[in-house]
Every structure is written in structure tokens, then in C-alpha cells.
Amino acid sequence: MVAAHAQVRQALNVTQGAALRLLEQLNDRQREAVTLPAEHALVLAGAGSGKTRVLTTRIAWLISTGQASPHGILAVTFTNKAAREMLTRLSAMLPIEPRGMWIGTFHGLANRMLRAHHRDAGLPHTFQILDSQDQLAAIKRLLRTLNVDDEKCPPKSLQHFVNGAKEEGRRAGAVEAYDEHTRRMVELYAAYDEQCQREGVVDFAELLLRSRELLARNAPLREHYRARFRHILVDEFQDTNTLQYEWLKLLAGESSVLFAVGDDDQSIYSFRGARVANMAAFEREFRVAHLIRLEQNYRSHANILDCANALIAHNRNRLGKNLWTDAGEGEPVRVRESLGDAQEAQWLVEEIRSLVAEGWMRSDIAVLYRSNAQSRVLEHALFSSGVPYRVYGGLRFFERAEIKHALAYLRLMENPDDDGAFLRVANFPARGIGARTLESLQDQARRSGTGLFASAASVPGAGGSRLAAFVQLVARLRADTQALSLPEVVAHVIEASGLVAHYRSEREGQERVENLRELVNAAASFVAEEGIATGTPANLGVAGGPRPASSTVAQAFDSRAGSTVVETDASAAPGAVQTTPLAAFLAHASLEAGENQAGEGTDAVQMMTVHSAKGLEFDAVFLTGLEEGLFPHENSIVDPQGLEEERRLMYVAITRARKRLYLSFAQTRMLHGHTRYNLRSRFLDELPPALLKWLGARPRPVPGPGGGPASRWGATSASISDGRGASDARHEPFARSAEASGRATGWRVGQNVAHARFGEGVIVAIEGSGEDARAQVRFEREGTKWLALAIARLEPCG
DNA sequence: TCGGTTCAGAGTATT
DNA sequence: TCTGAACCGA
């Protein structure tokens with residue numbers, strides 16, 4: 001402790017000047033936020049307003065003015081990327097090692113705490129973390145064990161139920177069940193938790209829930225952390241769920257200062273439990289004295305911002321903010337209507353090509369879409385034209401099957417009770433342990449109340465001896481790697497398990513072998529980044545979890561074991577224990593799934609969903625598929641809250657663009673095997689017409705069977721097939737598209753209707769024309785139905 | 001144990 | 001329409 005303080009004070013002299021210089025670079029509002037007194041604060045940070053900068057400068061300022069030591073800081077984010085970003089910027093600002101700080105994701109920090117206090121948390125010190133995939137597998141296994149019908153209880157829905165309950169901070173016993181089905185789910189939830197406990201594994205939500213329970217139950221520990229973390233800083237506060245907010249409250253107590261940064265207008269994750277209401281709750285419950293708005297935007301030109309402002313003003317539920325910039329108005333926002341999704345894609349390719357020809361970098365161009373399914377058509381067009389692109393999302397490194405297999409061996413070595421890992425690799429590579437053998441093993445284990453590993457010896461017959469051989473293999477792996485460093489362990493295991501040999505003999509296994517070798521590298525960089533001394537055996541305790549602490553080594557007294565242990569963290573929490581590099585690496589693999597695709601360095605067009613674009617920015621942004629039913633998505637149209645979230649999503653999309661923004665929609669689109677006629681998104685109509693520039697000719701609609709569409713269009717389409725008159729289209733930008741169906745049927749998407757039998761609802765899609773025209777109607781009571789318009793007697797209403 | 005066929009489902013996603 | 005998962009036969 002003494003050493004740490006001296007270190008800080010020494011750093012101070014160097015730092016103070018630097019931090020003051022950093023303050024000079026901030027605008028008034030930012031500086032006000034950074035230099036707030038040590039009281040709870042909420043910073044409403046608009047898109048591109050320098051949120052991360054404020055957060056990191058605040059930390060640097062607290063430290064350099066001596067108000068806090070690195071050791072007293074806890075900063076929490078949602079993604080590893082954000083945590084890394086914060087750490088990187090911080091080390092650029094401060095000449096001191098930021099290691100004493102707790103900077104990380106909610107899950108990463110919870111994991112760190114549970115590792116250090118696993119006994120108090122009721123976990124084995126080798127506990128493993130299940131990612132979503134592992135969790136689903138565990139649930140399927142549970143349902144099979146309990147002979148629960150898959151039809152009655154789909155594994156995915158149980159997973160959803162369990163995670164939902166945990167994210168609300170509820171154990172099975174605390175879930176209110178008023179109907180039979182819910183009662184059944186609650187029972188299964190309890191059984192799932194028992195299974196996890198037996199196997200020494202925790203899922204993502206469990207990390208936080210356990211950590212919260214630990215703090216709630218263990219007063220000395222709670223007081224220790226409260227006394228330690230005088231400053232708690234939270235990024236993207238609007239995304240916190242109930243459990244995360246409770247965790248923060250427990251950690252902050254009366255003594256700590258909470259500094260929360262967020263933007264209610266960018267709350268787009270309610271579907272995964274995020275509660276914007278936490279912002280208001282925070283303000284109220286903590287009697288927040290300082291509410292600061294960051295409204296100056298450093299990213300986009302004014303036309304783009306004004307569109308964003310105008311759009312979001314249509315939302316009722318917001319704290320209120322208006323972005324501005326001094327960057328100049330810039331170009332108008334371009335709007336493009338296409339006949340169909342293929343034509344939209346083709347136009348996109350041509351536009352991108354001409355941008356590139358003008359000197360724009362492909363990597364500065366983003367193509368955004370509402371749902372992943374839309375990417376295929378776009379990819380196809382880009383691919384056929386040879387435009388390099390990169391799609392975000394998809395399989396990440398640690399999620400690959402071969403990597404999962406290797407990790408399963410490592411997990412089994414670390415924790416033999418991990419039945420999920422056992423089942424994953426007992427017969428991979430194939431060693432003659434068939435489904436029947438495994439079934440009898442599972443029966444055996446159930447009878448004796450032990451894990452699969454422990455029961456493996458007692459299965460009779462040939463299957464039994466093969467099981468015994470597998471158990472021996474794992475035991476040998478463990479014995480042979482005793483003195484090896486982590487990368488060496490990984491290298492040994494991928495060979496000795498037979499994984500490398502197996503994939504090498506496969507026709508298309510070369511890439512998988514390379515991935516396995518890459519896992520060794522990943523282990524090596526992990527060791528390097530975590531500051532684990534080279535050559536440290538992988539099973540030797542070194543640190544309190546991922547991102548272990550500074551080199552200041554303090555002696556801590558382990559109250560339980562009564563022995564003195566080395567804790568590298570300068571603070572010794574009561575009863576804290578160390579963890580091994582292997583356990584830390586396995587946790588790291590679960591908590592950070594890694595990159596999803598190679599080719600990051602190449603100059604490629606960036607393709608992603610609007611959700612994954614949050615936090616990013618690009619010179620040029622193409623926002624595609626702006627159609628009713630798609631964006632806003634039909635599942636959200638009926639519910640006002642849902643519609644507001646869609647609008648926020650659109651707001652996020654618009655504010656990604658620095659210089660140029662394209663908004664694009666198509667009259668028809670192939671969806672679920674049907675051609676759908678969609679109206680353009682209502683969000684387009686919520687933008688100020690004066691800021692928009694309509695591109696190209698009004699496309700001619702698809703001729704329908706019911707006669708000449710040309711006559712319908714001739715009168716209104718002055719600019720048809722008149723390429724020169726591109727901007728003339730602005731004269732009539734709001735004649736709705738897709739009249740092909742709209743006029744022919746007399747109905748439109750979004751219209752409220754009533755049906756004699758089904759009651760009231762809203763039209764979410766229209767397809768076909770003439771006698772074949774059908775409308776998809778979402779009824780308030782009866783769900784969504786397709787109705788033939790020639791037959792069903794719909795009445796307009798509302 | 002693999003490979004083909006069938007069938008359901010189809011929103012957004014981090015840890 | 002397309003995809004992934006599950007199931008069945010060789």
C-alpha cells in the first residue's frame with residue numbers, strides 16, 4: 001500500500017501538467033464533467049460528443065489531482081473493446097501502470113471478484129464459464145436427463161427464461177409463477193442451477209448474480225470493496241439491466257461516487273434486458289446533483305445531425321438533447337428509391353465504385369442494414385463486382401468447433417466435474433465411445449450422484465474400458481503438463497489429445513489445424529499481456545483473475561486457510577485467493593470470444609447491422625432497406641415502445657456518418673420466399689425534406705397483372721428515365737412508393753384495421769396484387785395472420 | 001458414423 | 001427462399 005502511494009505521488013508531479021494540458025483540449029461542458037467534485041453525476045453524452053474521452057480524462061484527472069489512486073478506481077463497460085479502448089487512452093494520458101485499476105466489462109470484473117473469493121461465493125476454485133453455446137448444450141443435456149419433451153419446452157426458450165430471470169436478479173425461488181407453464185420453467189431453472197453447481201460451471205448472467213449475492217451476503221467483503229473503490233465510472237449506462245444496476249448500487253454503497261455516462265437516445269438493447277429507466281432511477285435514488293449534457297458533436301456535418309435531431313424529436317420518451325456542430329452543413333443527405341432489393345444492391349455497388357474512384361477509402365464506407373438476412377443480396381452484388389468487403393458478425397475465434405474442442409480438454413484437466421466438456425471430447429477424435437456407452441455412463445453417474453469423469457471407471461464392457469482409456473488420457477495430459485508454461489500446455493494438449501492429427505487427416509482440416517496452432521499463440525499473448533512471468537507453470541497461482549495487478553506484491557493473510565499467500569494486487573481483500581494462468585486463460589476464452597473475421601487490415605467496405613455499428617463512425621454510410629416492416633421492423637411496429645426503439649436505432653444509424661449519408665429503400669423485397677411490396681419507412685418522412693436530395697430517376701414499378709402501371713405513373717413522374725433531373729425528384733419526394741400494391745389494394749402497411757372475427761390490428765405487410773393481394777395483419781388479440789384482401793372483410797379504423 | 005433428407009423457422013447481440 | 005438442426009437409413 002505504502003509503495004503504491006509513493007508510486008502515485010511520484011507520478012503526480014509528472015502527471016499534473018499533462019492532465020492540465022488535457023483539460024485544455026476539452027470544450028466547456030466536457031471540462032465541467034471531467035472536473036466535477038466527488039459527487040454522483042450523470043453525463044448525457046450525445047453521439048460523437050466525446051463520451052469516452054470524458055470518461056478517461058475524468059479518471060486521469062482524479063488520479064493526477066490526487067483525489068484518487070489508481071487502486072481506488074473501478075470503471076465498467078459492456079464490451080471488451082470499450083474496456084481496451086479506455087485502457088489504451090488512459091495509458092497514453094498517465095505515465096503510471098493502470099494495472100491497479102479495475103477496468104473491464106461487468107462480466108470480467110464479476111469474474112475477477114469471484115475468482116478471488118470463490119469459497120465465499122460457493123464455487124470451486126477451478127470454476128469454468130459457459131458461453132451461450134455451452135449454456136444451451138447444458139440445457140439440452142438437462143432436459144434429456146429429466147426426460148422433458150423438447151416440444152413442450154424448447155431448450156432455447158428455457159435458456160431465455162433462465163437468463164431473463166437472472167438478469168432481473170431473480171433466483172428460481174424468487175420468480176413469481178402464476179401459471180402452470182411458468183411453474184414448470186421455474187422448476188427447470190432450479191434444476192439447471194443445480195446441475196451447474198454440481199459441475200462447477202457458471203453462465204454469463206450467473207457471474208454477475210453470484211457476485212451480487214456475494215456482496216450482499218458478506219459484509220466484510222462488501223465493506224472492503226466499498227472502501228476501496230471510491231470512484232465508480234460506468235460507460236453506456238442506458239444499456240444496464242436490472243442486475244447490473246443492483247450490482248453497482250451494492251458496490252457503491254454510501255461512500256463511493258458514481259459517475260455514469262450514457263445516452264437515452266441510443267438505447268437499442270431493451271430486447272436483451274437493458275433498462276433505460278435505470279438512468280432516471282439513478283438520478284432519483286442517488287440524488288444526482290450533476291446532470292451534464294454533451295451536445296457538441298465532433299463527428300458529422302450539420303445536415304446529417306439535423307436529420308438525426310429531427311428524427312429523434314418524434315420520440316416522446318426521452319430526456320432531451322440536441323446535437324450541434326461547428327463543422328458546417330456539409331452535403332445533403334442522399335435518398336435513393338429502387339425497384340427491388342437486387343436493384344438496390346446494384347445501385348449500391350455502382351455508387352461505392354464511384355466513391356472509390358473519387359478517392360474514398362473502402363474502409364471508410366459502411367453498408368448498414370437492419371437485419372442480417374439483408375446482407376446476402378448486398379454481398380452477392382459486391383462479390384460479383386469484385387468489390388472487397390468485410391462482414392461483421394459471425395463465428396468468432398473462440399467459438400470455432402476445433403477451438404472449443406481444445407478448450408474442452410483443457411477444462412477437463414482443470415475441472416473433471418465439467419460434464420459438458422467431458423461429453424464434448426470423450427469421443428472426439430473418435431475413440432469408439434458411442435452414444436450408448438455415454439448413455440449408460442450418464443445413468444451410472446446419476447445413480448451414484450457423481451460426475452461423468454468420476455463414474456467412467458465403473459462402466460462395464462468394452463465401452464467401459466474405452467472410457468477408462470479416455471480418463472487416463474486426461475490424467476496423463478494433466479501429469480505431463482505439470483511444469484509447463486501455459487502456451488506449452490496448450491501446444492502439448494492439441495497434439496496429445498489427437499486433435500491435430502485428426503484434422504490433419506481431414507480433407508478440409510488444414511485451416512482447423514492452423515486455428516489450433518493459433519490457440520497456442522493466443523495463450524502466449526495472453527501470458528504476455530497479463531504480465532505472467534515467462535516460464536510460470538500454467539497451474540501455479542499467480543493472480544486474482546484476468547487483468548491481474550501491478551508488480552507491487554503485498555502479503556495477504558488468507559483467513560480461511562490460515563496461510564500466507566502472495567496476492568499480486570496491492571489490496572488484499574479478505575480471504576482473497578489467487579488463480580492459475582490456465583484458469584484465467586479459460587475464463588478469458590469464454591469472456592472474450594475474439595475476432596470474427598480475418599482481413600481486418602485490408603481496404604474493404606464495412607458491412608454490418610445497425611446494432612453492431614453503434615459506437616463506430618465512417619466517412620460514408622449507406623443505410624439500406626428503409627422500408628416499413630423491415631425498418632421499423634414489423635415485430636416492433638405495433639408497440640409504441642418498440643417503435644421508439646426502432647427510431648433510436650435509426651438515429652444511431654444516421655449519426656454514424658461523418659460526411660456523407662445515403663438512405664435507401666426498395667419497392668419490393670424477397671423475404672421468406674415471397675416477394676413483398678413494402679412502403680418506404682415512415683422514418684424517411686420524419687426527416688426535413690430540405691435536407692434531402694433524391695437521387696436518380698423514379699423507378700418504374702413492376703407491371704402488375706391488373707393492367708398498365710405506366711398510366712398510373714405517367715402523370716406524376718416527371719423525372720422518369722431522366723437521369724439529368726436527379727434533384728428534380730425533390731419536387732415530389734413524398735408520393736408514397738409501392739403504389740403498385742398500395743393503390744391496387746387500397747390498403748397500406750401501418751394502417752389500423754378491424755376484422756369481424758379477429759378484432760383490431762395493424763397491417764404489417766402487403767403482397768401480390770389484384771385478386772391475389774394478401775395483407776399480413778397483426779391483431780391485438782389473435783396474433784399475426786395473412787388475409788386475402790379479396791375475401792377478408794377488413795375495415796379501416798383508428 | 002456419416003451423409004442425405006426433411007422440416008421448421010426466419011430480429012437486433014454482448015458477455 | 002434459404003438455412004440450420006434433427007432424424008433416419010446404410
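When reading the values below, keep in mind they use all heavy atoms of this one structure, side chains included, and skip hydrogens, waters and symmetry mates. Worth saying up front: this structure is predicted, and the values here are computed from it rather than measured. Note on naming: letters A, B, ... go to the chains in the order of the sequence lines (proteins, then strands), and numbering restarts at 1 for each one.
With no hydrogens or angles considered, no side-chain donor-acceptor pair links A:Asn415 and A:Glu199 at under 3.5 Å. A:Gln133 and A:Gln135 form no side-chain donor-acceptor contact under 3.5 Å, judged by distance and modelled atom types alone. Between the side chains of A:Asp203 and A:Tyr192, a donor-acceptor pair is found at a separation under 3.5 Å. A:Tyr389 and A:Glu379 share a side-chain donor-acceptor pair at under 3.5 Å.
Residue-level contact check: A:Asn427 touches the backbone only, with heavy atoms under 4.0 Å from sugar-phosphate atoms and none from bases. As judged by a 4.0 angstrom heavy-atom cut-off over every strand, A:Asp203 is placed among residues making no nucleic acid contact. A:Glu645 comes within contact range of no nucleotide atom at all, as no heavy-atom separation falls under 4.0 Å. Heavy atoms of A:Asn80 sit under 4.0 angstrom from primed sugar atoms or phosphate atoms, though from no base atom. As judged by a 4.0 angstrom heavy-atom cut-off over every strand, A:Phe106 is placed among residues making no nucleic acid contact. Using a 4.0 Å heavy-atom cutoff across all strands shown, A:Phe271 reaches at least one base atom of the nucleic acid. Within the nucleic acid shown, A:Lys614 has no heavy atom closer than 4.0 Å to any nucleic acid atom. At the heavy-atom level, A:Ser612 lies under 4.0 Å from the strands shown only through sugar-phosphate atoms. At a threshold of 4.0 angstrom between heavy atoms, the contacts of A:Arg376 are confined to the sugar-phosphate backbone, with no base atom among them.
With C1' as the reference atom, C:dT3 and B:dT14 are 24 Å apart, rounded to whole Å. For the P atoms, the distance from C:dA5 to B:dT12 is 15 Å, rounded to whole Å. C:dA6 and B:dG11 have their C1' atoms separated by 24 Å, given to the nearest Å.
Contact annotation: the side chain of A:Ile312 approaches that of A:Arg318 to within less than 4.5 Å [non-hydrogen atoms, C-beta and beyond].
With ring centers used as reference points, A:His611 lies 6.0 Å or more from A:Tyr392. Note: A:Phe683 and A:His314 fail the aromatic proximity criterion, with ring centroids not under 6.0 Å apart.
Between A:Arg431 and A:Thr105, the residue anchored closer to the 5' end of DNA chain B is A:Arg431, taking for each the nucleotide with the nearest heavy atom. Remark on DNA chain B: of its neighbouring residues A:Ala435 and A:Ser371, the 5'-side contact belongs to A:Ala435, judged by nearest-heavy-atom nucleotide.
Protein chain A touches strand DNA chain B; the 5'-most and 3'-most nucleotides with an atom under 4.0 angstrom of its non-hydrogen atoms are B:dT1 to B:dT15.
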